[in-house]
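Structure, as structure tokens:
Convention: sequence-line order gives letters A, B, ...; per-chain numbering from 1.
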Amino acid sequence: MGDSEHPEKTGESVPDASWPENGDQWSDKGEEEDDDECGLLQEMVEEDEEIDLYNEETFGLDEATSGDNPDADPLDLLLLCSDNSSTPPPPQRSPSPRSSHSPSRPGSRVWPHTPTGRSQRGRAGRGQLFDDPAVVKTVEGRPSLKWMIAPLKSSRPPAASLLQDQAIVGVIDGSRHGRVPPVSPNFLSPMRPFSTSRGRRGLPFVGSFNQRCHYQAQKNPMVPCSPFRPQRLFSPQQQYNQPGGFLSPSRPPPLSIPMPDTHKLMHLQFGTDSPRPAPFYSPSSNTMQGFRAPGPVAQFHPQHERLLSQRHQRPHRCGQRPVSWDPYSQIMSDKEKEWIIRLQMIQLQSENPRLDDYYYQECYQRMEAKLAEEEFLGDRLKKEPPKLTTPYVNKTLSYIPVVHIEGSLGQVAVSTCFSPRRAIDAVHANTPDEHKYTRQQRLEVLSTIEKLYIVLLEVEEADKMKATVSDKDEERQLVQNIKRKVEHLYNELRCTNLLESGEEFLSCLIISKGKRMLARLLPFLSHDESLHILGVVTKHLPVLMSRDTDEALPVMYPSLRAVIDRLAFNQLIRILKEFTAALPDSKDTRLTLACQNKFGLSLLYALLSQGERILSSDLPMEPSTGDFEIWTDTVFHVARQLSQTILVEPLLLPSNLLTLFCRYLDKPTVHQLKNNLESATGFLAVAS
Amino acid sequence: MNYMPGTASLIEDIDKKHLVLLRDGRTLIGILRSIDQFANLVLHQTVERIHVGKKFGDIPRGIFVVRGENVVLLGEVDLDKECDQVLQRVSIEEILEEQRTEQQAKQESERLKLQAVKERGLSIPKADTLDDF
């Protein structure tokens, strides 16, 4: 190739295959054979030399006067290929740090014949060269570091700490070899295809290239040659017309330059008028290629839509990406790029861009207005100002509160920021929708009860403490505290119902929480108050029983039992009268209804038992008008009822019931009663 | 020319040579290979460039993964203009030497200043420890 132009290059003693003729073979075999790889390196070095030689001849510039070291520069690459054991000739290398940056060559071009030979050269060939330069040089240069330091004149050896830094060491060693890092040997691989395709190097091209080199050489011999030069290909500003493939043979092919010799300004370079290797794509346009609006909510500004579609059409002409240029160009896939775009777009979605992004909108509007004005006045092409590609949602989609699958019982556990899960409504399952007022009221009562619970807890807590505290004053204080709170509770529960006083406590009694609360409160209440509550319970027993869906009534039994046990006879009678009295709205008595309800029945039994206890005890009874008659009447009624109906199992069957009945009733009735009771409870109603 | 919001604008810069300035003052030059929504960067064939005065030196570093929050700024390197630099490239030892000298000089001047200040009975809080904001 260059032989015809540089006939003086007689010193070619490269034992490798003669370079130009075998040009086609490299790219095929270069991967496999080390020999060829090293041959390639040699070739590249040769190219360098040729170019420099050409420079000298053409422009007569010779920066270095290094006639004393004819072999300094060419050693660079070859030394890398050389065996480690071979000592690089010191006299040749000593001036190399100084002259290493010189782009020019010595006059006589004797190709250094390395003593090692091909095989050894091959060993340290391509694999090393194309690795990370820092690693390479560190490995190679480490042993020879010492002798390198000696010939240096000005610079001191680097500090010990710096020598720890592998990269720096590598750099230092690299500079010894006359190489200026950063080296990107990876670029060698993409260059090879081009080197094969270019055929003969045309002079004009070389000329143009060297012109450039010359330029730089003039300015600064140590100018860093960017190994990233080839990246120019990817800048979107440049025009790329050719789809796919390499250069057309009609044009001068690009020069492929070995990268490691960067100090010679060898890099892949293209002037503005030289053709580009075609597989170009604009990353920006390709990015938009597969782009779709993120999600259904995003709608682009119509201007954006237009621009995006334009972009979309453009890259279709381009072929595949230029992987051959840059083997690392595919690291970030299109999908990943789109994902990031989408992510950023989502953050910018807005239903009211004027509100959310006021400044940008305003600014853009003004800019557009100005442009429109200019266009109007100057009548030139409207230039589209750069606009942020943000999706502004124009309309709100219908809000689907809950994703519901037909036939499922619950809500789907999927929620996004646009359709969050609906909160569970605190609505009673049984309440029909028409009774909204009732529901509302119920909720109010419930909240009152819940608030009062805290007070109740305090009462109970104080009560517990009262037993433990020793100080009398404290005790008294506690007692007072308790009393106050209990009073408060009582009044509150009483007044929860805003209706007439006949229905005191009812609203809270209906709610099971209220029942429990009252049950806990009862021990603290005074006798009169608790009696009052008992009376209320008895009076509203049918209602309570019918609406006791949670079966919370039995929870009140123990406390009420305790109350009943403290009843005086006349009080008892009063309560009992309720049971047999006819109900206003039905023909049943409380009695009949109570038989079907656990709680009611238990209450009844408790009352009767109490009566029996009172009577059978030897306490002196106060003379009361007609109490006893009522008592016997009630007993008869109860007995008759109990024997006739099927009873439910009570919570507790008092032991003295049968005795009571025995006393007042005839034997067959009692017998039947007993059977009934037994059948209900399963226990023998033992007469105490 | 439309531009992308936020980090997505970096997508156009992928596979291009960039100069990245980090919060700790380092300057990295490498090919931007990959990004994410936090502007974490993957730089390929990175070089750390140390500037002292009009001189600079490069240390090849390989692959860098930079956490986005540590980036002060980054910009594409114009390959044409890169070759026309006014700065003088030196070897790495030289630049490190220069850096060390500069650092020493700065420390010396700082010390003198502090001494002078102390003599006058004043005290200046050290601002260099206030690194993160």
Closest non-hydrogen atom pair, [X] against [Y]:
{"X": "A:Y328", "Y": "B:H44", "value": "CD1-CE1, 3.1 Å"}
{"X": "A:K337", "Y": "B:I11", "value": "O-CD1, 3.3 Å"}
{"X": "B:R33", "Y": "A:M332", "value": "O-CB, 3.7 Å"}
{"X": "B:D36", "Y": "A:I340", "value": "CA-CD1, 3.4 Å"}

>> Need one label for B:L10: side chain, backbone, both or neither, based on atoms under 4.5 Å from any heavy atom in chain A.
In response: neither

